[in-house]
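These figures come from a predicted structure and were not determined experimentally. Chain A is the first sequence line, chain B the second, and so forth, proteins listed ahead of strands; every chain is numbered from 1. The analysis underlying the following values was restricted to heavy atoms, covering all of them including side chains, and did not include hydrogens, waters or symmetry mates.
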2 protein chains.
Amino acid sequence: MRSDRAATLQDIADRLGVSRSTASFAITGRGRVSEEMRRRVQEVAAELGYRPNTVARNLRGARTGMIALRLPPDSTAMSYYMEATFGIVEEADRAGMIVFMLPTEQRPEGVDQLPADAVIALDPALDDPVVHLLLSGRVPVITGEPVPEGMPSPRGEVTSDHEPAVRELMDHLHQRGMAHPAIVLPDLQSHWAFTVRDVFAAWCAEQGIRPRVVTLPHPAAPEVIHGAVADLLREQDHPVDAILSVSDGTVLSVVTSAQSLGRRVGEDLLVAAFVDSEVLALAQPSITAIDLHPREFGRRCVRAALAAIDAAAAGDDRVVRELVPVAVQRRDSTRGPVAR
Amino acid sequence: MRSDRAATLQDIADRLGVSRSTASFAITGRGRVSEEMRRRVQEVAAELGYRPNTVARNLRGARTGMIALRLPPDSTAMSYYMEATFGIVEEADRAGMIVFMLPTEQRPEGVDQLPADAVIALDPALDDPVVHLLLSGRVPVITGEPVPEGMPSPRGEVTSDHEPAVRELMDHLHQRGMAHPAIVLPDLQSHWAFTVRDVFAAWCAEQGIRPRVVTLPHPAAPEVIHGAVADLLREQDHPVDAILSVSDGTVLSVVTSAQSLGRRVGEDLLVAAFVDSEVLALAQPSITAIDLHPREFGRRCVRAALAAIDAAAAGDDRVVRELVPVAVQRRDSTRGPVAR
DNA sequence: CTGAAAGCGCTAACAG
DNA sequence: CTGTTAGCGCTTTCAG
């Protein structure tokens, strides 16, 4: 029954012998139109399988109905970003918006004028030129995690509430007998990496413990991780009894390295990660980690983006801020000594 | 120097005292326009920071410039999809197109009339109603992996060349001493899962080996996997000496379960996965897997999509087909007995 | 309560 | 070689 080309407002109007505008008002529910008319329009619309042409609608409204999403380069392995992305897509969909992904190797040309109403940039890194361009462009940018010092300010910032969780994790490890912790950091120029490092250091200082920090290239090859773990476990004076790995991919290598060096993870060596992922629950022993609630985080990014779009339209240049709670997932890798 | 609103073709035209169309032709390079004129237009365009308004351009061209991407539900953990997505985004970008993601919980309403020039659906599952809707909709669909029997045919199919790789993997395991293999399958209604199962069964039949197939819910909880592995290893008559796990998340649990049951993976138990991911190289022992080249796969999907778009415009309804080679990554988990 | 008409920014006949 | 003009499908004043 339906023709090859999509039905337009004009088709509906013609069918009813009314004008386009009447049909439009009836469909959007915005204008003054009789109840009877609205009913008939809806009916014909349904019959013709009418879908408003979003392109035309957006052209008219000087909007695009789109949110651009920038993930950090080299993020492909982290399920965190995948989850966050789905959260973003889900919430955008509820607002009738579409999420498109920026290519990792974005050509800088034109990136300051994307066909989008807002950009969401997750974990913006200080050394990511694309993010710099984005931030100085025309479209409002919301970052997932704040921008590191030295970058232009975004129009919105959604932040995970890392500090209390990191402290809770440290306290938990302490309770389970940790005396000589080490942290394995990726060399990422992101706010998240910086925060975790600083809170770790602060906690250690408060406890009068020497903070051992190992920085590894990102992404790190297994041998590199293995070497770093071996170094930590072989230290003569105070062999490490807990290793905190910032990224979830790395922690698996940490565990297997430690095991191959004769350590029993969860017993004589505690291990945890600062970002959770499905495989950490599947591993054996299961690995304690901080659940960053990426899906909810993504949803909040979209809400911040919508707020920023409205604000920008109203000439309001306040920065939207949101804080997302996170949770420590205690698992077997930090259960502590079975027998002393 | 640049005003608040974005520059338009009219702005350029006014500045040069020419007409919009001249500016348009000069920018797109399509029309007949003097070299001199083109140069001046380009110059002013650069100066004003002109970017063509894609929304307007697409409205005019009755196109959207967008490709919709549908990932299977419950795919969040698999890095395969993330890689494939980046390949898709990258290649689409080269063609000046944008990739937006469909929400997992897509409302069926209107899905047959998406604002997209093509849809790419990865691993379409027989029981996914959204894919059915998509396939009977107006916009051409390209599937990554063929649709299972019983679904409408898509306009394009990109397939991984699984069979030779699965055979190569089986031969490899056989060489390394495998006598009693088992396969652990997720209960996915996808072509991929069906193919892998069938090739496994065929290979076993040719060798006169009894094919042991265990089907697990997807996603499977670690205890479930552990239970299945325990059953396989405890079989009295012919305890299994090789476990093939279809999904990459599951294989990690298989390894740790086997280890906790006293097996030495890579020595007295061979383990491999049918889809590779970064963590499999990082695990210890590193795990043999089939590298599906997801990035390249994604790129091919886009090329097929572009071909399908052109074909559809030309009224041509041939189905575009592509076969992507895959590669077995041999790692420590299938090294075989150190000493017999 | 409804119709006519303008226009969002762009492209592509068709004239000159 | 360039200008004029007519839309793409939609929303939204402004008249009636």
(message) For a quick check under 3.5 Å, do Asp117(A) and Thr64(A) share a side-chain donor-acceptor pair by atom type?
(response)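 Checked: Asp117(A)/Thr64(A) side chains pair up, N/O donor to acceptor below 3.5 Å.
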(request) Taking the side chain as every heavy atom from C-beta outward, state whether Val130(B) and Arg70(B) have any atom pair closer than 4.5 Å. (result)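 Heavy-atom side-chain distance check passes, below 4.5 Å.
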(request) Indicate yes or no: at least one non-hydrogen side-chain atom of Leu9(A) is less than 4.5 angstrom from one of Tyr50(A). (result)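 Yes, their side chains come closer than 4.5 Å.
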(message) Please encode protein proximity along nucleotides 3-10 of chain D as a string of B, S and -, counting only heavy-atom distances under 4.0 Å.
(response) BB-BBBBB
(request) Measure from CG on Asn58(B) to P on dC8(C) and round the result to the nearest Å. (result)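 Nearest whole value for this atom pair: 19 Å.
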(request) Let me know which of Ser190(A), Cys301(A), Ser160(A) forms a side-chain contact (heavy atoms from CB on, under 4.5 Å) with Glu145(A). (result)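 It is Ser160(A); the other options fail the test.
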(message) Can you tell me if Gln10(A) has over 12 outside heavy atoms packed within less than 6.0 Å of its CD?
(response)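 Yes, because the 6.0 Å sphere around CD of Gln10(A) holds more than 12 heavy atoms from other groups.
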